[in-house]
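Let me begin by presenting the structure, written as structure tokens, before commenting on it.
We name chains A, B, ... by the order of the sequence lines, and we start the count at 1 in each one.
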Amino acid sequence: MTGLVLHNTLTRRKEPFAPLDPGHVRMYVCGPTVYDRAHLGNARPVIVFDVLYRVLKRLYPRVTYARNITDVEDKIIAAAAANKEPIAALTARTEAMYHADMDALGALRPDVEPRATDHVAEMVALIEKLVARGHAYEADGHVLFGVPSMTAYGELSGRSRDEMIAGARVEVAPYKRDPADFVLWKPSTPEQPGWPSPWGRGRPGWHIECSAMSERWLGMPFDIHGGGIDLIFPHHENEIAQTRCAHGIPLMAKVWMHNGFLMVEGEKMSKSLGNFFTVRDMLDQGHAGETLRLVMLQTHYRQPLDWRAEGIARAKETLDRFYLALRGAPVGAAAAEPRAVIEALLDDLNTPSALSALHADLAALNKAATEPERASARARLVAGGALLGLLQAEPEAWLRGTGAAASAGLDDAAIEALIAGRNAARKAKDFKEADRIRAELAAARVIIEDGPKGTTWRRG
RNA sequence: GGCGCGGUGGCAGAGUGGCCAUGCAGGGGACUGCAAAUCCCCGUACGUCGGUUCGAUUCCGGCCCGCGCCUCCA
């Protein structure tokens with residue numbers, strides 16, 4: 001018994017987490033469709049489930065985290081055509097950018113990142129099984145899942161087939177036997193990417209890849225399936241239908257977790273509103289990945305998150321405070337994570353509460369009197385931060401700043417020279433000159449602090 | 001229309017049937033050449049109307065407001 005409690009969308013409540021195999025926890029999270037840069041909304045689940053991954057690794061001997069890469073999809077086809085480049089070139093480039101951006105956010109790489117195009121055979125086999133069991137049928141070159149064939153359809157999203165049809169706003173394709181049926185396989189034209197199948201050359205529908213890849217890499221059933229709240233319906237509902245019906249099992253994944261929606265300045269992020277930001281946009285504006293990560297973790301994962309410029313600035317200042325304390329403390333032996341941080345995370349990943357606990361540890365470090373006490377308080381803070389994927393940078397490097405923000409103004413040597421000049425003035429009691437130099441540094445966004453051990457500086 | 005989520009102090013944001021969130025901002029103090037940082041102290045809250053209860057921000061119901069999903073959007 002570890003004490004980990006997670007909110008399960010299937011039951012709409014928090015439940016104690018008990019792995020199917022206590023020796024091996026298996027988690028699947030829906031990954032990117034690689035046709036464009038990852039935006040902030042894509043980044044949220046990556047960070048949320050990265051924290052869960054860290055917590056699970058801390059609690060269990062073995063964790064397998066799988067996150068797919070969707071590299072066949074109609075938006076990809078359209079984007080490649082617009083760029084006049086081969087699909088494989090687009091997906092490979094986008095995947096590399098995705099990795100670079102998620103690495104910048106401090107997200108650990110999953111244990112496996114299966115690509116859809118590497119699992120077409122498994123998808124075809126799964127669809128054949130569904131056809132054989134009477135859950136799918138071929139019509140007009142498509143293979144469709146027959147929703148009425150599954151009585152339990154709708155358990156995750158809490159909507160019945162009738163409700164879905166009643167609310168449907170989209171015209172039903174004529175080849176569907178039932179308006180709720182969804183595509184497992186669709187035909188490709190000669191220009192479109194396609195694979196041979198019993199139903200002719202074609203490509204997979206959206207949902208089937210996750211059914212195929214989660215089974216291939218995690219086995220069935222597995223422990224945790226995660227993604228954004230907007231994936232509950234139809235994506236996850238349909239994944240469940242496919243997997244359960246293909247195998248005749250009552251459960252695909254034990255716990256289904258969904259992170260809340262991300263808004264920007266109170267509005268839905270969209271290209272038409274001009275508030276659409278990619279992770280790279282933020283990094284290019286000079287924000288550190290760790291700052292962006294903290295913004296995400298300051299709100300509980302199931303709550304809606306309002307992304308605001310104000311919040312980014314505050315998160316940066318918060319990290320400055322932590323790193324300021326870490327810089328001033330001696331490095332000692334590694335320590336255990338603070339209990340309060342762990343307990344907050346065990347309670348359905350309550351990261352705001354964990355951060356609150358981390359602030360208490362920060363205060364403890366600032367108050368610690370002796371060097372051994374300071375070393376141990378520092379180690380606890382770093383260990384607690386590690387669970388959240390924070391505070392792992394070199395404090396001096398963090399405080400001096402990185403990238404564009406650091407190189408824009410005075411360089412390190414110039415700053416040191418000015419500080420030396422100011423200290424000479426201070427020694428001579430020429431405080432007017434000392435203050436002038438301080439103002440000069442401040443104008444270059446350099447903050448200096450006179451301490452008992454001399455003057456330190458950081459970029460604000 | 002159907003399904004679901006949320007409305008907490010100046011701001012962000014946890015949480016709880018009766019006692020503290022936390023951070024920022026603000027006020028006071030210590031320290032400092034002055035600052036900065038740090039430490040100490042302080043104020044202000046639970047959309048609305050009812051109900052349950054000895055007691056509700058916390059449970060239940062109505063209402064108002066905001067948001068998400070409803071066939072390929074994380």
Using whole Å, what does the distance between atom [atom2] of nucleotide [N] and atom [atom1] of [X] come to?
{"X": "A/D181", "N": "B/C72", "atom1": "CG", "atom2": "P", "answer": "15 Å"}
{"X": "A/R13", "N": "B/C5", "atom1": "CZ", "atom2": "P", "answer": "12 Å"}
{"X": "A/E310", "N": "B/G23", "atom1": "CD", "atom2": "P", "answer": "17 Å"}

Note to self: I'd like to know if the side chain of A/T351 pairs up with that of A/Q298 as donor and acceptor (distance under 3.5 Å, no hydrogens or angles considered).
What the structure shows: no

Check: Can you list every pair that meets salt bridge (Lys or Arg N to Asp or Glu O under 4.0 Å) and has a residue in residues 226-242 of chain A, with sequence neighbours left out?
Finding: none

Notebook entry, point to check: What pairs meet the salt bridge (Lys or Arg N to Asp or Glu O under 4.0 Å) rule with one or both residues in residues 377-392 of chain A, with sequence neighbours excluded?
Noted result: A/D361-A/R380

Classify [X] by what it touches in the nucleic acid, base, sugar-phosphate, or nothing, heavy-atom distance under 4.0 Å.
{"X": "A/L355", "value": "nothing"}
{"X": "A/H207", "value": "nothing"}
{"X": "A/R44", "value": "nothing"}
{"X": "A/G41", "value": "base"}
{"X": "A/S157", "value": "sugar-phosphate"}

Next item on the list: Treat primed atoms plus P, OP1 and OP2 as sugar-phosphate and everything else as base, then score nucleotides 35-41 of chain B 5' to 3': B for base contact with protein heavy atoms under 4.0 Å, S for sugar-phosphate contact only, - for none.
Entry: BBSSSS-

Next item on the list: Without swapping roles, check the side chain of A/T318 against the backbone of A/R314 for a donor-acceptor pair under 3.5 Å.
Entry: yes

Notebook entry, point to check: Would a distance-only check, ignoring hydrogens and angles, find a side-chain to backbone donor-acceptor pair under 3.5 Å from A/R459 to A/R400?
Noted result: yes

Next item on the list: Output all residues satisfying salt bridge (charged side-chain N to carboxylate O under 4.0 Å, His left out) with A/D118, sequence neighbours left out; order by chain, then residue number.
Entry: A/R115

Item checked: Under the salt bridge (charged side-chain N to carboxylate O under 4.0 Å, His left out) test, residues paired with A/R327 that sit two or more places apart -> A/E396

Notebook entry, point to check: For RNA chain B, which ranges pair as stems of 3 or more consecutive Watson-Crick or G-U pairs, with both donor-acceptor distances under 3.5 Å?
Noted result: B:1-7 with B:64-70, B:10-12 with B:22-24, B:26-30 with B:38-42, B:47-51 with B:59-63

Notebook entry, point to check: With a centroid cutoff of 5.5 Å and a plane-angle limit of 30°, would you call A/F261 stacked on B/G68?
Noted result: no

Check: Between the base of B/G33 and the side chain of A/D435, is there any donor-acceptor pair under 3.5 Å?
Finding: yes

Output yes when at least one side-chain N/O atom of [X] is less than 4.0 Å from OP1 or OP2 of [N], else no.
{"X": "A/N238", "N": "B/U71", "result": "no"}
{"X": "A/K268", "N": "B/G66", "result": "no"}
{"X": "A/T299", "N": "B/G13", "result": "yes"}

Item checked: Geometric class of the A/H258/A/H236 ring pair [parallel <30°, tilted 30-60°, perpendicular >60°] -> tilted

Next item on the list: Please tell me which of the listed nucleotides, B/C24, B/G33, B/A21, lies nearest to the side chain of A/S356?
Entry: B/A21

Next item on the list: Please say whether the positively charged group of A/R44, taken as NZ for Lys or CZ for Arg, lies over the ring of A/Y301, i.e. under 6.0 angstrom from the six-membered ring centre and within 45 degrees of the axis.
Entry: no

